[in-house]
Engineer: 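Here you go, one structure.
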Amino acid sequence: MTYEFRSYPDREMLAIDLADQLASELRAALSHQDRAALAVPGGSSPGPVFDALCAVSLDWDRVDVLLTDERWVPETSERSNTRLLRQRLLVNRAAAARYLPLYAEAPAPEGALEALAEAIVPALPLSVLLLGMGADLHTASIFPGADRLDEALAADAPILLPMRAPGAPEPRITLGAPVLDGAMKKHVLIFGAEKRAALEAAKGRPAHEAPINAVLTDAVVHWAE
């Protein structure tokens, strides 16, 4: 497994540089295809990247934006990743992008999976992917110990899977590892000494113990304290 590791002097410089690189890769994709797909994580870490990226000038009306994973909660919930995207990324110039949701009004994700996945198929393979990573080495909602971990990591994994994991208060929906790993350009964003040490400790471990290892090959890891 080989990946590039980039260290930044501070988080602000990381956010600006990473947003610039994501925009450049989207422009490159749009130069030889009609549409480009950008998949991004939820959580607070990518917020500053979104703030910089949404103001960039590119053909946003030809960009499909989707999450790598989502909590099965309505958009009105403070735990909704979609809510974050609408506040921080799908604004300014990026408001012209087409959003592909990972949530629908249904009691559980199983009832909506097929329709949600169907809308994503034309956007694959992903042009540009941004991932986060937890200290437990999960990425997207592919958690060690999750109920469908092996299925999510399998070579024939479905595009979308429901996922339930210890400590997660609600069901999740996640892109499968092959969809994530199949992105044309892959980036991982991590902050702090704990996550840097975790990434180092992941080396050589099987993906069911360290799910991040399923997507790291040829990725660029961006880190700041």
Side-chain angles (χ1 to χ4, degrees), residues 1-8 11 14-15 17-26 29 36-50 52-53 63-71 81-82 84-85 88-89 100 102 120 123-144 146 149 152-153 157 159-161 163 165 168 172-192 194-203 205 207-224:
M1 178 195 318
T2 56
Y3 60 88
E4 179 183 349
F5 186 86
R6 295 185 188 175
S7 176
Y8 296 82
R11 298 186 182 193
L14 184 156
D17 184 82
L18 178 51
D20 184 65
Q21 185 160 353
L22 297 176
S24 177
E25 290 171 353
L26 287 170
L38 169 67
V40 297
S44 58
S45 294
V49 180
F50 297 162
L53 184 58
V63 176
D64 296 316
V65 173
L66 65 156
L67 285 159
T68 58
D69 63 312
E70 177 60 289
R71 300 177 177 105
N81 288 334
T82 301
L84 171 75
L85 283 201
R88 308 275 302 258
L89 179 58
L100 303 176
L102 262 62
I120 293 170
L124 299 180
L126 299 170
S127 307
V128 183
L129 169 68
L130 177 61
L131 285 166
M133 184 197 80
D136 63 353
L137 304 176
H138 83 268
T139 193
S141 280
I142 307 176
F143 291 88
L149 176 64
L153 294 172
I159 293 169
L160 286 177
L161 297 94
M163 196 71 76
R172 308 286 185 105
I173 188 166
T174 188
L175 295 173
V179 171
L180 298 171
D181 193 45
M184 306 304 290
K185 299 290 183 180
K186 297 183 289 183
H187 300 271
V188 179
L189 169 64
I190 58 173
F191 290 138
E194 182 186 21
K195 289 191 178 180
R196 182 168 184 172
L199 184 67
E200 285 296 314
K203 289 180 178 176
R205 293 171 65 180
H208 71 273
E209 293 179 6
I212 189 66
N213 284 346
V215 299
L216 271 182
T217 299
D218 297 329
V220 181
V221 177
H222 305 259
W223 176 85

Engineer: Pair L149, L153 - check side chain to side chain contact (heavy atoms under 4.5 Å, CB included), show working.
Structural biologist: CA-CA 6 Å; L149 176 64; L153 294 172; 3.8 Å; yes
Engineer: At what distance, to the nearest 0.5 angstrom, does CD1 of I159 lie from CG of L175?
Structural biologist: 8.5 Å
Engineer: Just by distance, do the side chain of N81 and the backbone of L67 share a donor-acceptor pair under 3.5 Å?
Structural biologist: no
Engineer: Measure the shortest side-chain to side-chain distance between L199 and Y3 over non-hydrogen atoms and say whether it is less than 4.5 angstrom.
Structural biologist: yes
Engineer: Of all the heavy-atom pairs spanning A207 and A214, show the shortest one and how long it is.
Structural biologist: CB-CB, 4.2 Å
Engineer: E25 versus S127: any side-chain heavy-atom pair under 4.5 Å?
Structural biologist: no
Engineer: Go through it in stages, so that I can follow the logic: the residues are L38 and V40, the test is side chain to side chain contact (heavy atoms under 4.5 Å, CB included), and I'd like the CA-CA distance, side-chain angles, deciding distance and then a yes or no.
Structural biologist: CA-CA 7 Å; L38 169 67; V40 297; 3.8 Å; yes
Engineer: Does CD belonging to E194 count more than 12 external heavy atoms closer than 6.0 Å?
Structural biologist: no
Engineer: Do R11 and S45 come within less than 4.5 Å of each other through their side chains, counting heavy atoms only?
Structural biologist: no
Engineer: Would you call V188 and I190 a side-chain contact if the rule is heavy atoms closer than 4.5 Å?
Structural biologist: yes
Engineer: Which value, rounded to the nearest 0.5 Å, describes the distance between R6 atom CZ and Q21 atom CD?
Structural biologist: 4.0 Å
Engineer: Do the rings of H222 and H187 sit parallel, tilted or perpendicular, given the 30° and 60° boundaries?
Structural biologist: tilted
Engineer: If you take all heavy atoms of A39 and L126, which pair is closest and at what distance?
Structural biologist: CB-CD1, 3.8 Å
Engineer: Does K186 come within less than 4.0 Å of D181, counting only side-chain N to carboxylate O?
Structural biologist: yes
Engineer: Just verifying a value: how many Å separate L89 CG and L84 CG, rounded to the nearest 0.5 Å?
Structural biologist: 8.5 Å
Engineer: List the steps, then state whether side chain to side chain contact (heavy atoms under 4.5 Å, CB included) holds for L160 with I120.
Structural biologist: CA-CA 9 Å; L160 286 177; I120 293 170; 3.9 Å; yes
Engineer: Do L161 and I173 come within less than 4.5 Å of each other through their side chains, counting heavy atoms only?
Structural biologist: no
Engineer: If you compare all heavy atoms of S141 against all heavy atoms of M163, which two are closest, and at what distance to 0.1 Å?
Structural biologist: O-CG, 3.1 Å
Engineer: How far apart are the closest heavy atoms of L130 and P46, and which atoms are they?
Structural biologist: CD2-CB, 4.4 Å
Engineer: What is the distance from atom CD1 of I142 to atom OG1 of T174, rounded to the nearest 0.5 Å?
Structural biologist: 4.5 Å
Engineer: Using modelled atom types and a 3.5 Å cut-off, is there a donor and acceptor pairing between side-chain atoms of W223 and backbone atoms of F5?
Structural biologist: no
Engineer: Would you call H138 and P144 a side-chain contact if the rule is heavy atoms closer than 4.5 Å?
Structural biologist: yes
Engineer: Roughly how far, to the nearest 0.5 Å, is the CG atom of L137 from the CZ atom of F143?
Structural biologist: 12.0 Å
Engineer: What distance do I212 atom CD1 and T139 atom OG1 have between them, rounded to the nearest 0.5 Å?
Structural biologist: 4.0 Å
Engineer: Identify the two heavy atoms, one from A224 and one from L14, that lie closest to each other, and give their separation to 0.1 Å.
Structural biologist: N-CD1, 3.7 Å
Engineer: Answer yes or no: is there a side-chain heavy-atom contact under 4.5 Å between L85 and F50?
Structural biologist: yes
Engineer: Between K195 and G134, is there a donor-acceptor pair closer than 3.5 Å when you use the side chain of the first and the backbone of the second?
Structural biologist: no
Engineer: Can you tell me which residue among L129, T68, L131 is in a side-chain contact (heavy atoms from CB on, under 4.5 Å) with P41?
Structural biologist: T68
Engineer: For T82, is there any backbone N or O sitting under 3.5 Å from a side-chain donor or acceptor partner on E70?
Structural biologist: yes
Engineer: Is there a side-chain contact between D218 and T2 (heavy atoms, below 4.5 Å)?
Structural biologist: yes
Engineer: Measure from the side-chain N and O atoms of N213 to the backbone N and O of R205, and report whether any donor-acceptor pair falls under 3.5 Å.
Structural biologist: yes
